[in-house]
Structure formats: structure tokens, C-alpha cells
Amino acid sequence: MTRTTEGITSMGQLWDIVQAHIDSAPYPPSERQVAARLGISPTALAKWREPKRLPDVENLRSLARLAGVPYRSVLGAALADTGYEEREQDQTDYSLAARAGTSRKAQERAAWDDDVETGGGA
């Protein structure tokens, strides 16, 4: 499900998290390097652009740790991408926020605030 927002074409919400991680690095890793850090194949990572089924829980947890994003946000993105849950785009669109100059720390804080408001925070 490819989306277009403000003239920027975006893939699924899960891929937005991957892309934000890549974009936030001073020396951006390749997709192959990201896949290796997650312990999956580059082909498996590419399937996250428009996932048709939920990725393995451990892969979602690995992505949350690698990207510095709350697990609930990663899980919500995966659920939305696969049609199990509807989410508003502005809650999970990390790549557009990164392109707009929002720091990862601000994104994490906003995601944590969302988790606390919905009762999901620690």
C-alpha cells in the first residue's frame, strides 16, 4: 500500500521506521547492512516495504531496538500495514518527520507520549 503525503511517496508504515533509521544516521547504512543488523536477509527486509503478513515478533523487536522506536509503535505499524489495525498516519510516519528535520529523540518522546496517553507506556 504505497501512500503519497505532501508530494512524498511512502511505503508502508513499517518501512517508514526502517527508512527513518537509515536517514537519521550520519553515515547511512545500506539496506543490506540494516538487514544484517536485524539478523534477516535483504529479501526479507525488502518485503517490509509493503508487507502482506506480519513479520516475526523477534524481527519487530530487533527493529524497535535498532531504530530506537518503542516496540508498540513498530507493532502498530506492522498491524496497520497488514490490515489488522487502522492507525492515523501522523502517529507513525517517522520517515516524513525525519525528512522534515525532527530529531529521533523528539520522535521517541512523541511516541512515548502516545503510549502513555493510551495506557501502553511503561
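Values in this document were obtained by computation on a predicted structure and should not be read as measured data.
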Item to complete: List for me each residue that meets side chain to side chain contact (heavy atoms under 4.5 Å, CB included) alongside Pro55, sequence neighbours excluded, and say none if there are none.
Response: Leu14, Trp48, Leu60, Ala78
Fill in: Smallest separation among heavy atoms of Trp15 and Leu45, with atom names
CZ3-O, 3.5 Å
Fill in: Nearest-0.5 Å distance that lies between atom CZ in Arg53 and atom NZ in Lys47
7.0 Å
Worksheet item: What pair of heavy atoms forms the shortest contact from Asp81 to Pro51, and how long is it?
Response: CB-CG, 3.5 Å
Item to complete: Return the set of residues passing side chain to side chain contact (heavy atoms under 4.5 Å, CB included) with Pro29 (not counting sequence neighbours), or none when no residue passes.
Response: His21, Ile22, Ala25, Gln33, Val34, Arg37
Discussion item. Using the side chain to side chain contact (heavy atoms under 4.5 Å, CB included) criterion, which residues pair with Ala36? Sequence neighbours excluded.
Written reply: none
Fill in: Nearest atoms (heavy-atom pairs only) where Ile17 meets Ser73
CD1-O, 4.1 Å
Worksheet item: Restricting to pairs with a member in residues 59-69, which pass salt bridge (Lys or Arg N to Asp or Glu O under 4.0 Å), not counting sequence neighbours?
Response: Glu58-Arg61
Practice prompt. Could you check if a side-chain atom of Leu38 sits within less than 4.5 angstrom of a side-chain atom of Asn59, using non-hydrogen atoms only?
Written response: no
